[in-house]
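Take a look at the structure set out below.
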Amino acid sequence: MSDTFDADGITLERVRDYVWEIEQAESEGMNVPARVLASEALLEEIKEDDSLEQIRNVTHLPGIQQYALCMPDAHQGYGFPVGGVAAIDAENGCISPGGVGFDINCGVRMVKTNLTYDDVEGREEELVDALFEAVPSGLGGGGVVDGDAETIEGILERGMDWALEEGYAVREDLHHCEDEGYRPDADPSAVSKKAKDRGMNQIGSLGSGNHFLEVQRVTDVFDDEVADAYGLEAEQIVVLIHCGSRGLGHQVCSDYLRRIEDEHPDFLKSLPDKNLAAAPAGSELAEEYYGAMCAAINFAWVNRQLIMYQTRQVFEDVFEAPWEDLGMELLYDVAHNIAKKEVHEIDGEEKEVYVHRKGATRAFPAGHPEVPSAYRGVGQPVIIPGSMGAGSYVLRGGSESMATTFGSTAHGAGRLMSRTQAKQEFWGGDVQEELREENAIYVKAQSGATIAEEAPGVYKDVDEVIEVSDSLDIGDKVVRTYPVCNIKG
DNA sequence: ATGTCC
């Protein structure tokens with residue numbers, strides 16, 4: 001077992017199993033070291049793109065605490081790597097839109113059912129067609145709800161509370177959502193009219209890219225006690241919904257990147273990559289971005305709620321029973337592109353930090369006060385989608401997450417290649433046919449190109465990613481699922 | 001991710 005890993009000019013030292021460190025070079029402007037949580041096999045893949053340079057650049061941000069982190073699914077992104085975690089002093093540091101990502105509150109929710117695979121097998125096409133019909137997907141406009149200006153304000157201001165008031169949610173849905181589906185710091189007045197206009201006709205829509213709705217079956221139970229607390233068991237049918245804040249969140253990110261360039265040019269010039277653009281903590285711009293981002297977070301939660309609402313209707317039609325009788329409770333909804341003010345113990349003292357999780361999932365452990373009461377005894381559910389050919393995992397927040405990763409773990413399998421490269425390697429129709437004939441997985445998409453971009457071979461091995469999380473006790477395996485049918489943009 | 005460039 002070697003103690004260093006040479007990644008083409010960047011040297012990583014092994015701290016312990018699955019923990020690698022890029023030493024802090026103060027002369028180069030690094031404020032802290034960088035850490036990468038990965039097996040050697042994953043590190044071999046991670047080193048092939050710019051992730052390691054990017055995470056080293058992140059350590060230059062003023063006020064960053066302890067170390068910048070790459071989760072095991074890391075790949076290169078815009079400024080920050082996707083799969084990046086950075087905790088930055090909320091008083092004397094900064095907040096970075098690039099550390100959140102364009103798709104603010106991209107995230108995942110899992111809906112349970114009391115159906116088993118036997119109930120669905122042979123009816124996949126009927127189900128996938130009905131879901132495709134009921135859930136708007138693809139680029140551009142068209143949502144479940146036709147919004148006006150007042151609707152948008154309500155959603156941005158109140159998040160899932162809006163959905164409850166309007167009859168799209170039941171109270172229990174809010175309890176099974178990170179932050180109860182509502183960020184009180186949201187400031188709709190900090191969201192541009194252009195962003196609101198883009199969101200207006202996208203309320204309740206999947207979007208494109210890696211976003212999808214997938215019916216799955218539970219294939220493996222790793223922890224009986226926690227699975228029982230979550231209400232999950234072998235052969236059970238569940239539904240996974242993966243999407244974000246659509247054009248609205250994208251526009252918020254673009255607007256504030258532009259304003260940082262205009263209003264803080266000197267600060268920007270001091271950073272190694274202009275795509276790391278950050279607003280100094282305490283500045284008016286930092287407050288406005290935080291308020292706008294929180295509003296976009298609320299929008300994304302309503303978006304996933306409306307897609308779940310439609311899913312419940314579809315199951316009622318197809319399986320001819322009220323959704324309550326079908327056991328279609330929300331297990332949990334997690335955000336994986338987000339920055340939040342949180343208090344963490346750092347060097348023995350409690351400190352308020354902006355925890356940036358860009359392609360990383362909150363993974364709070366048992367006993368944490370922010371874990372909903374139903375799950376507080378075992379830790380929060382962490383939902384990690386794999387590719388449409390691999391299946392997904394439910395983890396529980398692990399005992400070491402607070403000490404190791406500011407309460408975070410991975411968010412997916414992580415890409416192995418760019419979308420452009422994926423389209424050269426795969427053809428959508430072939431991928432779709434192979435999944436159906438060899439794996440009995442029914443995929444329906446607006447665009448063949450999207451299927452190629454999201455082909456299973458485009459992703460890292462989700463089992464390997466989860467092994468790292470489980471071994472480090474930051475997110476522990478509870479159940480694994482396998483796809484039944486999938487709709488996407 | 002995204003009305004894949006204002």
Side-chain angles (χ1 to χ4, degrees), chain A residues 49-51 54 73-84 96-108 136-143 147 152 191-203 205-213 241-259 261-262 274-275 277 292-293 296-297 299-301 303-304 307 334-339 356-361 385 387-388 411-424 428 445-455 458-459 488-489:
Chain A
D49 64 22
D50 293 336
S51 306
Q54 289 185 333
D73 54 336
H75 62 94
Q76 82 180 62
Y78 172 92
F80 276 62
V82 176
S96 172
V100 174
F102 275 93
D103 192 6
I104 296 166
N105 191 8
C106 182
V108 204
S137 65
L139 286 169
I152 281 284
V191 177
S192 67
K193 180 171 186 304
K194 191 174 177 185
K196 288 170 183 169
D197 286 345
R198 284 182 72 173
M200 198 101 81
N201 62 349
Q202 298 182 327
I203 307 162
S205 63
L206 268 181
S208 184
N210 62 357
H211 292 162
F212 62 79
L213 183 156
I241 295 165
H242 178 205
C243 61
S245 51
R246 305 292 330 277
L248 184 140
H250 190 275
Q251 191 63 46
V252 167
C253 185
S254 305
D255 288 341
Y256 282 89
L257 287 171
R258 170 63 63 87
R259 283 190 58 190
E261 285 179 31
D262 291 346
K274 80 175 182 70
N275 293 332
M293 178 191 59
I297 289 171
F299 181 89
W301 274 324
N303 193 27
R304 291 196 284 277
I307 291 168
V334 295
H336 58 222
N337 275 17
I338 204 162
H356 297 69
R357 296 190 182 95
K358 180 188 190 177
T361 313
S387 75
M388 59 185 161
H411 85 305
R415 295 192 77 86
L416 272 176
M417 62 183 86
S418 69
R419 295 181 187 285
T420 313
Q421 195 184 342
K423 278 181 281 196
Q424 289 162 358
Q446 298 283 354
S447 143
T450 303
I451 299 179
E453 287 173 7
E454 297 300 320
V458 164
Y459 283 92
K488 51 201 297 89

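Computed over heavy atoms, backbone and side chain alike; hydrogens, waters and symmetry mates excluded. Quick caveat: nothing in here was measured; it's all calculated off a predicted structure. Chain identifiers are assigned alphabetically (A, B, ...) following the order of the sequence lines, protein sequences preceding nucleic acid strands; residue numbering begins at 1 within each chain.
- As rounded to whole Å, 16 Å separates atom C1' of dT2(B) from atom CD of Gln446(A).
- If you measure from atom CG of Leu139(A) to atom P of dC5(B), you get 12 Å, rounded to the nearest angstrom.
- Residues Asn337(A) and Ile104(A) are not in side-chain contact: their nearest non-hydrogen atoms beyond the backbone lie 4.5 Å or more apart.
- In this structure, the CG atom of Asp262(A) is 14 Å from the C1' atom of dC6(B), given to the nearest Å.
- Ring geometry, His356(A) versus Phe80(A): the interplanar angle falls under 30°, so the pair is classed parallel (tilted spans 30 to 60°).
- Among the protein residues, Ser245(A) comes within range of no part of the nucleic acid, since none of its heavy atoms lies under 4.0 Å from any strand.
- Within 4.0 Å of Gly209(A), counting heavy atoms only, lie sugar-phosphate atoms of the nucleic acid but no base atom.
- As a whole-Å value, the separation of His250(A) NE2 from dT4(B) P is 9 Å.
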Criterion side chain to side chain contact (heavy atoms under 4.5 Å, CB included) on Phe212(A) and Thr450(A), from CA distance to verdict: CA-CA 11 Å; Phe212(A) 62 79; Thr450(A) 303; over 6 Å; no

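- Phe102(A) has its CZ atom 11 Å from the P atom of dC5(B), to the nearest Å.
- Across the protein-nucleic acid pair, Asn105(A) atom CG and dT2(B) atom P stand 13 Å apart, rounded to whole Å.
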ring-ring contact (aromatic ring centres under 6.0 Å, His included) between His336(A) and His242(A), intermediate numbers included: CA-CA 10 Å; His336(A) 58 222; His242(A) 178 205; 5.2 Å; yes

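- Following rounding to the nearest Å, Asp255(A) (CG) and dC6(B) (P) show an atom-to-atom distance of 12 Å.
- Arg246(A) places its CZ atom 13 Å from the C1' atom of dT4(B), with the value rounded to the nearest Å.
- Using a 4.0 Å heavy-atom criterion, one finds that Gly247(A) contacts the sugar-phosphate atoms exclusively.
- At a threshold of 4.0 angstrom between heavy atoms, the contacts of Glu453(A) with the nucleic acid are absent.
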